[in-house]
Amino acid sequence: MADPLHTVSALLEPVFRAVTGVDADPVVRASDRADAQVNGALAAAKQVGRNPREVAAEIVAAAAEPLRGVATMEIAGPGFINLTFSDSFVAGELASAARDPHLGVRPTPAAERIIVDYSAPNVAKEMHVGHLRTTIIGDALVRMLEFVGHEVIRENHIGDWGTPFGMLIEHLLDLGETEAANELSVGDLDGFYRQARVKFDSDDEFKQRSRLRVVALQSGDGETLRLWQELVDASAAYFNIVYRKLGVLLTSADLAGESSYHGLLDEVIQRLDRSGLLQQSDGADVVFAPGFVNREGEPLPLIVRKGNGGFNYATSDLACVVDRVERLRATLMLYVVGAPQAQHFEMVWKVCEMAGWLPPPARCVHVQFGSVLGSDRKMFKTRSGDTVKLVELIDEAVERGIAQVRERSPELSPAEQDSVGRMIGIGAVKYADLSTDRIKDYVFDWDRMLSFDGNTAPYLQYAHARIRSIFRRVGVDGQTHLGEVILGDPKERALALRLLGFDQAVNESLERFVPHRLCTYLFDLAQDFTGFYEACPVLRAEDERVRQSRLALCDLTAQVLDRGLGLLGIDVPDRM
RNA sequence: GCCCUCGUAGCUCAAUGGAUAGAGCAACCGGUUUCUACCCGGUUGGUUGGGGGUUCGAGUCCCUCCGAGGGCGCCA
């Protein structure tokens, strides 16, 4: 379909086979010296021990017919083949992309059921800046995966189980349930947690009650469970407020907290025992996964049951895999979790493999990411050194976005300023997070992310708004009676080719689960559009056919920007 | 001590083993300023942390050193 590189590659594969006698990847890539370049002749020639230019020449000769009407070829350098697409091919592909609800993006050839595990805040604890990246990246991946046709199950693995709940429930009782509910509903989760902690550390009687309460919770005491559920519900309600403000897909229906796996924990231990993997070490039940050592160079165990008989997060994570593979029948599990947990997950998944709980094609992928840093390049904190509350960060983003719009667009109504400002502020935060390689740390900088210049959300949103403005003037709502595209000007051609690249951008992003590839593409698209916009009058075009053609380019560009940013979870205003 | 990740222009970042390492910001020069100037074009700027190796070809793969961050048994 849309991606010309993909189309050409498919056409060249049999040619490569015919010429070289082996299966060789044509290696079709974007190029800065032609529309595309074919690099595969060099490697193929090497493989069969022939002269690369000679092989390239044979390929060009043999490909003339298959590529007729698609592209012309030229050999360059040691054996590169430069491709120039024919205008009619580009126009035809563009027309089919414009008719396609997916704008030319190929659906996945192998749809899977995919779990995306992201966000994962803790019950009765404030969401903070540490939850920003997992929530934003996970949400973007969900949207992209669904777009190409996968069945996605969102799972919010909230921390809703464990020893802290003894003290939290006792504190709830001390406060009185009504009072506690009030406190939690206004979002003062940290205050609640801190008070409980203080009492736990200073009051022996409270500490004793808390311990008994943990036992009651784990043994399934009805009243205790009811109180626990109150805490969970109050926190979930608060999380939902934050999610709505941030504009992510997560709802209460996606909650799959640690408590969900409670019933599976015993079974996990039993299964490990039966398969002979379980061992004792210092009083704990453990599994030794090969390849992991501790400080002393001795084998490092994965502890699945503590010396006191309790389970820990490793047990829960093991159960989680079992649940996702055996009950939900997922084949791909994405864990959108920070880089520091890499070793933990490696160990857990290694044990799952040893136990036979990850039969191919089922597999887990750690979609890890770096930290959010302040301008001092240290962990992002408030001026006073405190952890930044997520909700405060979101509110500030909205405030700053609205302030921008008020200053720049006084002609908009106050309501519209608020609405647009919200999109700009939230979009800026999301885009700043998504637009760099997730594995790296990034520096949080309000001024840069909110700038209308450069690789930012506001710049892309603005490019879209400019296009919508054209259609408002012409009184057409896009997509209606738009004619065939004529590629007269080089800028028109560049924009057309870029539009066809949406397909590759989305699919490439998903190959490695890196949203920044899509961001880079959208930025390039916006740049190509402004180049076109400067050089090619649309409404003032002399020829009506040219005018219609340019309107068609504008329309498709707006759609790709809208859809592309939408896949990143970023809203796009029609005017700003 | 061992393991993992990162190191690219003054700054922030790109670059599925391919040709001359690209953008944006900043700086400087210039343009248009009634299809949104919230713009566009150009110039300056690099030993891709250092050194070896593999390869026809390395920012990318391997080894080593330096630097930064993180992890390393009963928290999650």
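No hydrogens, no waters, no symmetry mates; every other heavy atom, side chains included, goes into these values.
Side chain of A/R517, nearest nucleotide from B/C13, B/A15, B/G71: B/A15. Of the candidate nucleotides B/G73, B/G18, B/C35, B/G73 has the atom lying nearest to any side-chain atom of A/V286. If you check B/C13, B/C35, B/C72 against the side chain of A/L539, the one that comes closest is B/C35.
A/W349 places its CH2 atom 17 Å from the P atom of B/C4, with the value rounded to the nearest Å. Atom P of nucleotide B/A14 and atom OH of A/Y442 are separated by 13 Å, given to the nearest angstrom. B/G71 atom P lies 15 Å from atom CZ of A/F345, rounded to whole Å. Going from atom CD of A/Q461 over to atom P of B/U36 covers 18 Å, rounded to whole Å. As rounded to whole Å, 10 Å separates atom P of B/G69 from atom CG of A/D441. Here B/C35 presents its P atom at 17 Å from CZ of A/R575, a figure rounded to the nearest Å. Counting to the nearest Å, the P atom of B/A14 and the CZ atom of A/R438 are 12 Å from each other. When the P atom of B/C40 is taken as reference, atom CG of A/D528 falls 11 Å away, rounded to whole Å.
OP1 or OP2 of B/U12 has at least one side-chain nitrogen or oxygen of A/R377 nearer than 4.0 Å. A sub-4.0 Å separation between OP1 or OP2 of B/A68 and a side-chain N or O of A/K378 is absent. Residue A/S469 places none of its side-chain N or O atoms closer than 4.0 Å to OP1 or OP2 of B/C35. A sub-4.0 Å separation between OP1 or OP2 of B/C2 and a side-chain N or O of A/R295 is absent. Using a 4.0 Å cut-off, some side-chain N or O of A/Y459 falls inside it from OP1 or OP2 of B/C40. Taking only side-chain nitrogens and oxygens, A/R448 never comes nearer than 4.0 Å to OP1 or OP2 of B/C13.
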Check nucleotides 28-30 of chain B against the protein and report each pair of N or O atoms closer than 3.5 Å, with its distance, or say if there are none.
none

Name the pairs: protein N/O against N/O of nucleotides 74-76 of chain B, kept only if under 3.5 Å.
from, atom 1, to, atom 2, distance (Å)
B/C74, O2, A/G307, N, 2.7
B/C74, N4, A/D282, O, 2.6
B/A76, O3', A/E258, OE1, 3.2
B/A76, O3', A/E258, OE2, 2.4
B/A76, N7, A/Y313, OH, 3.3
B/A76, N6, A/Y313, OH, 2.2

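Between the C1' atoms of B/A58 and B/G52, the separation comes to 14 Å (whole Å). Rounded to a whole angstrom, the distance from the P atom of B/G53 to that of B/G42 is 40 Å. Spacing of C1' atoms, B/U12 relative to B/G30, comes out at 26 Å, to the nearest Å. Distance noted for atom C1' between B/C28 and B/A15: 27 Å (whole Å). Comparing the same atom, C1', in B/A27 and in B/C66 gives a spacing of 32 Å after rounding to whole Å. The C1' atoms of B/U33 and B/U48 are separated by 40 Å, rounded to the nearest whole Å.
Side-chain contact, A/D317 with A/Y261: no donor N or O sits under 3.5 Å from an acceptor N or O. Defined by atom type and a distance below 3.5 Å, a donor-acceptor pair is missing between the side-chain atoms of A/R517 and A/Y521.
Within 4.0 Å (heavy atoms only), A/V538 reaches at least one base atom of the nucleic acid. Residue-level contact check: A/C519 touches neither bases nor backbone, having no heavy atom under 4.0 Å from any strand. Nucleic acid contact for A/A45: none, since no nucleic acid atom lies under 4.0 Å from a heavy atom of the residue. Within the 4.0 angstrom heavy-atom criterion, base atoms lie near A/S409. Within the nucleic acid shown, A/N82 comes within 4.0 Å of at least one base atom, counting heavy atoms only. Residue A/A535 is classed as having no contact, given no heavy-atom separation below 4.0 Å to the nucleic acid. Residue-level contact check: A/I439 touches the backbone only, with heavy atoms under 4.0 Å from sugar-phosphate atoms and none from bases. Contact annotation for A/D453: backbone-only contact, meaning every heavy-atom pair under 4.0 Å involves sugar-phosphate atoms and none involves a base. Counting non-hydrogen atoms under 4.0 angstrom, A/P537 reaches a base of the nucleic acid. When heavy atoms are screened at a 4.0 angstrom cut-off, A/E511 is found touching no nucleic acid atom at all.
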Does A/R106 form a side chain to side chain contact (heavy atoms under 4.5 Å, CB included) with A/N507? I'd like the steps, not just the answer.
CA-CA 8 Å; A/R106 279 166 297 146; A/N507 279 291; 3.9 Å; yes
Evaluate the side chain to side chain contact (heavy atoms under 4.5 Å, CB included) criterion for residues A/H366 and A/F513: first the C-alpha distance (whole Å), next the side-chain angles of each, then the deciding distance (0.1 Å), finally the verdict.
CA-CA 10 Å; A/H366 185 191; A/F513 313 110; over 6 Å; no
Starting from the C-alpha separation in whole Å, work towards a yes-or-no answer on salt bridge (charged side-chain N to carboxylate O under 4.0 Å, His left out) for A/R422 and A/D418.
CA-CA 6 Å; A/R422 186 173 302 275; A/D418 282 8; 6.0 Å; no
Any chance you could lay out the side chain to side chain contact (heavy atoms under 4.5 Å, CB included) test for A/L83 and A/M73, step after step, and finish with the verdict?
CA-CA 5 Å; A/L83 296 181; A/M73 293 164 284; 3.3 Å; yes
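Remark: side-chain polar atoms of A/N294 are not paired, donor with acceptor, to backbone N or O of A/L300 under 3.5 angstrom. Here the side chain of A/D3 pairs no donor or acceptor atom with the backbone of A/G501 at under 3.5 angstrom. The closest donor-acceptor contact from the side chain of A/T134 to the backbone of A/S119 lies under 3.5 Å. Looking at A/D285, its side chain never comes within 3.5 Å of a backbone N or O of A/V304 through a donor-acceptor pair. A/S371 places no side-chain N or O within donor-acceptor distance of the main-chain N or O of A/L373, the cut-off being under 3.5 Å. Put simply, the side chain of A/S435 never gets that close to the backbone of A/C519: no donor and acceptor are under 3.5 Å apart.
With a cut-off of 3.5 Å on both Watson-Crick or G-U wobble distances, the partner of B/U36 is given as none. Judged by Watson-Crick or G-U wobble contacts below 3.5 Å, the nucleotide B/A9 has no partner. Under the Watson-Crick or G-U wobble criterion, with both distances below 3.5 Å, B/G69 is paired with B/C4. Base pairing analysis places B/C75 opposite nothing; no Watson-Crick or G-U wobble pair with both distances below 3.5 Å involves it.
The side-chain ring of A/F80 is not stacked on the base of B/G18, judged by centre separation under 5.5 angstrom and plane angle under 30 degrees. The aromatic ring of A/Y462 is stacked on the base of B/C38, with the two ring centres less than 5.5 Å apart and the planes inclined by under 30°.
In this structure, A/F529 and A/F532 have tilted ring planes: the angle between them lies in the 30° to 60° band.
A salt bridge is defined here as a Lys NZ or Arg NE, NH1 or NH2 lying under 4.0 Å from an Asp or Glu carboxylate O, and A/D35 with A/R493 meets this definition.
Residues A/H516 and A/E296 both approach RNA chain B. Their nearest nucleotides, taken by heavy-atom distance, put A/E296 toward the 5′ side. Both A/Y533 and A/R512 lie near RNA chain B, and the one whose nearest nucleotide falls closer to the 5' end is A/R512.
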